[in-house]
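First up is the structure itself, then whatever we jot down about it.
In this chain, numbering begins with 1 at the start of the sequence shown. Atom set for the values below is all heavy atoms of this structure, side chains included, hydrogens, waters and symmetry mates excluded.
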Amino acid sequence: MSTSWTQQDIPDQRGRTAVVTGANTGLGFETARMLAERGASVVLAVRNVEKGRQAAAWISGDVTVQALDLTSLESVRSAAAELRATHPRIDLLINNAGVMHTPRQTTADGFELQFGTNHLGHFALTGLLLDRLLPVPGSRVVTVSSTGHRIQAAIHFDDLQWERSYSRVGAYGQAKLANLMFTYELQRRLAHHGTTIAVAAHPGVANTELARSIPAAIRGPLNLLAPLLTQKPEMGALPTLRAATDPAVTGGQYYGPGGRREIRGYPELVTSSPESHDQATQQRLWTVSEELTGVTFPLT
């Protein structure tokens, strides 16, 4: 594979509709911007509508804003209903939004914040919108994971919400591992339908607002080292964009930066941890996610 896949390699997106979560800033903004510049009709699905409108004003092309708070299943259902009413077809659903290393908090539905936002919110949104993608040739669900899926990461079925004890890093690792397991299990279920595929991506280490919850004692030194350790958001968005648009992509693949330790570089096909490929855990997580969200997928 080429190691220099860039924005110029994004195929013409005219006639396609893309929904990008968390698209008012950082990786999501760059993803939405580049898709719109290539002709896609892009929906910025964001928690703060005013910030979404400000972001939309900076993007050239057909861009709309949709209220979506992934920490609330009521909001997810409302957003999905509005999107279904206004978009009879969706070509790309890009599950980009996320939080990282937050203090112990819960969502409106009582889920641990990182697991609830990064995984369960996107699981529910995907299930509620999937029938808008299934009939569309070339449609894709792209979910953004992280190299953090390897760090202190496991699916803690005995304490999914971290009620007994809490680790910021461990909870983030669980959520990002869940993103990958969701992608792989979704692809297995989609394989019989022959249209939509599920793909995952990660940005490496990108200089975005995602790190705002890192403790101040660590954040200070990281800010000083950022120019050496991170890449700009527009580079961090390229793995997601390749997963979403490269004609050579197939279901169940995972894209990330091709540089050393996948920290920086142009997007390439990468591998995820052995744990992420455990099918029994994937299937158990799927069942639990359906129970927690009340969302089932239109797949048989």
Side-chain angles (χ1 to χ4, degrees), residues 10-24 28-29 31-47 49 52-53 55-57 59-70 72-97 120-144 182-183 186-187 189-201 240-241 243-247 249-251 289-290 293-300:
I10 300 173
D12 188 342
Q13 297 296 299
R14 283 176 293 183
R16 308 191 83 202
T17 296
V19 177
V20 184
T21 69
N24 62 291
F29 173 82
T31 300
R33 177 183 67 79
M34 292 187 224
L35 287 172
E37 288 179 357
R38 296 297 292 151
S41 297
V42 181
V43 180
L44 312 185
V46 298
R47 182 174 59 84
V49 171
R53 289 175 179 149
I59 299 175
S60 299
D62 181 4
V63 183
T64 57
V65 178
Q66 170 64 54
L68 169 68
D69 183 353
L70 289 163
S72 163
L73 289 176
E74 180 181 0
S75 175
V76 171
R77 289 183 180 278
S78 177
E82 292 176 16
L83 287 167
R84 290 168 58 82
T86 54
H87 295 86
R89 59 173 281 165
I90 297 173
D91 297 80
L92 298 174
L93 173 59
I94 299 181
N95 295 323
N96 162 82
L120 291 174
H122 282 129
F123 178 93
L125 181 68
T126 304
L128 293 167
L129 292 179
L130 192 60
D131 68 349
R132 289 295 187 265
L133 289 101
L134 287 175
V136 181
S139 59
R140 300 181 187 184
V141 177
V142 179
T143 300
V144 179
F182 166 57
T183 296
L186 176 59
Q187 174 57 34
R189 294 173 185 237
L190 287 169
H192 304 294
H193 293 263
T195 52
T196 309
I197 62 171
V199 192
T240 299
L241 286 159
T245 67
D246 187 339
V249 168
T250 60
S289 299
E290 286 185 329
T293 63
V295 173
T296 56
F297 283 53
L299 297 171
T300 57

Is the closest side-chain heavy-atom distance between Leu299 and Leu186 below 4.5 Å? yes
Looking only at heavy atoms, which two atoms of Ala67 and Ala79 are closest? And how far apart? O-CB, 3.3 Å
Does Leu73 reach the side chain of Thr293, with side-chain heavy atoms less than 4.5 Å apart? yes
One pair to check against side-chain contact (heavy atoms from CB on, under 4.5 Å): Leu44 and Phe29. What are the steps and the verdict? CA-CA 8 Å; Leu44 312 185; Phe29 173 82; 5.8 Å; no
Who are the salt bridge (Lys or Arg N to Asp or Glu O under 4.0 Å) partners of Asp69, not counting sequence neighbours? none
Minimum heavy-atom distance between Ser139 and Val136, given as atom pair plus value: OG-O, 3.0 Å
Heavy-atom nearest pair, Val46 first then Ala23, reads CG1-N, 3.6 Å
For Ala244 and Leu92, work out which heavy atoms get closest and say how close. O-CD2, 3.3 Å
Please round to the nearest 0.5 Å and tell me the distance separating atom CZ of Phe182 and atom CD of Gln187. 11.5 Å
Can you confirm whether Val144 sits close enough to Thr31 that some side-chain heavy atom of one is under 4.5 Å from a side-chain heavy atom of the other? no
Who are the side-chain hydrogen bond (donor to acceptor under 3.5 Å, both in side chains) partners of Arg38, not counting sequence neighbours? none
Kindly write out the residues that satisfy side-chain contact (heavy atoms from CB on, under 4.5 Å) with Pro11, not counting sequence neighbours, or none if the list is empty. Gln13, Thr245, Pro247
Non-neighbouring partners of Arg189 that pass salt bridge (Lys or Arg N to Asp or Glu O under 4.0 Å), sequence neighbours left out: Glu185
Taking all heavy atoms of Leu70 and all of Ala97, pick out the closest pair and write down the distance. CD1-CB, 3.6 Å
Using side-chain hydrogen bond (donor to acceptor under 3.5 Å, both in side chains) as the criterion, list what pairs up with Ser72, not counting sequence neighbours. none
How far apart are the C-alpha atoms of Val43 and Ile90, what are their side-chain angles, what is the distance that settles it, and do they pass the side-chain contact (heavy atoms from CB on, under 4.5 Å) test? CA-CA 10 Å; Val43 180; Ile90 297 173; over 6 Å; no
Across all chains, not counting sequence neighbours, the side-chain contact (heavy atoms from CB on, under 4.5 Å) partners of Val249 are Arg140, Ile197, Val199, Asp246, Gln253, Tyr255
Would you mind writing out the side-chain donor-acceptor pairs for residues 121-134 within the sub-3.5 Å range, not counting sequence neighbours?
unit_1: His122; atom_1: ND1; unit_2: Asn118; atom_2: O; d: 3.1
unit_1: His122; atom_1: NE2; unit_2: Thr21; atom_2: OG1; d: 2.9
unit_1: Thr126; atom_1: OG1; unit_2: Asn95; atom_2: ND2; d: 3.1
unit_1: Thr126; atom_1: OG1; unit_2: His122; atom_2: O; d: 2.8
unit_1: Asp131; atom_1: OD1; unit_2: Arg84; atom_2: NH1; d: 2.4
unit_1: Asp131; atom_1: OD2; unit_2: Arg84; atom_2: NH1; d: 3.0
unit_1: Asp131; atom_1: OD2; unit_2: Arg84; atom_2: NH2; d: 3.3
unit_1: Arg132; atom_1: NE; unit_2: His87; atom_2: O; d: 3.2
unit_1: Arg132; atom_1: NH2; unit_2: Arg84; atom_2: O; d: 3.2

Closest non-hydrogen atoms of Thr183 and Ala200, given as atom of the first, atom of the second and distance, are CG2-N, 3.8 Å
Got a sec, which residues hit side-chain hydrogen bond (donor to acceptor under 3.5 Å, both in side chains) with Thr17, two or more places apart in sequence or on another chain? none
Across all chains, not counting sequence neighbours, the side-chain hydrogen bond (donor to acceptor under 3.5 Å, both in side chains) partners of Thr296 are none
Quick one: list whatever passes salt bridge (Lys or Arg N to Asp or Glu O under 4.0 Å) with Glu37, sequence neighbours left out. Arg33
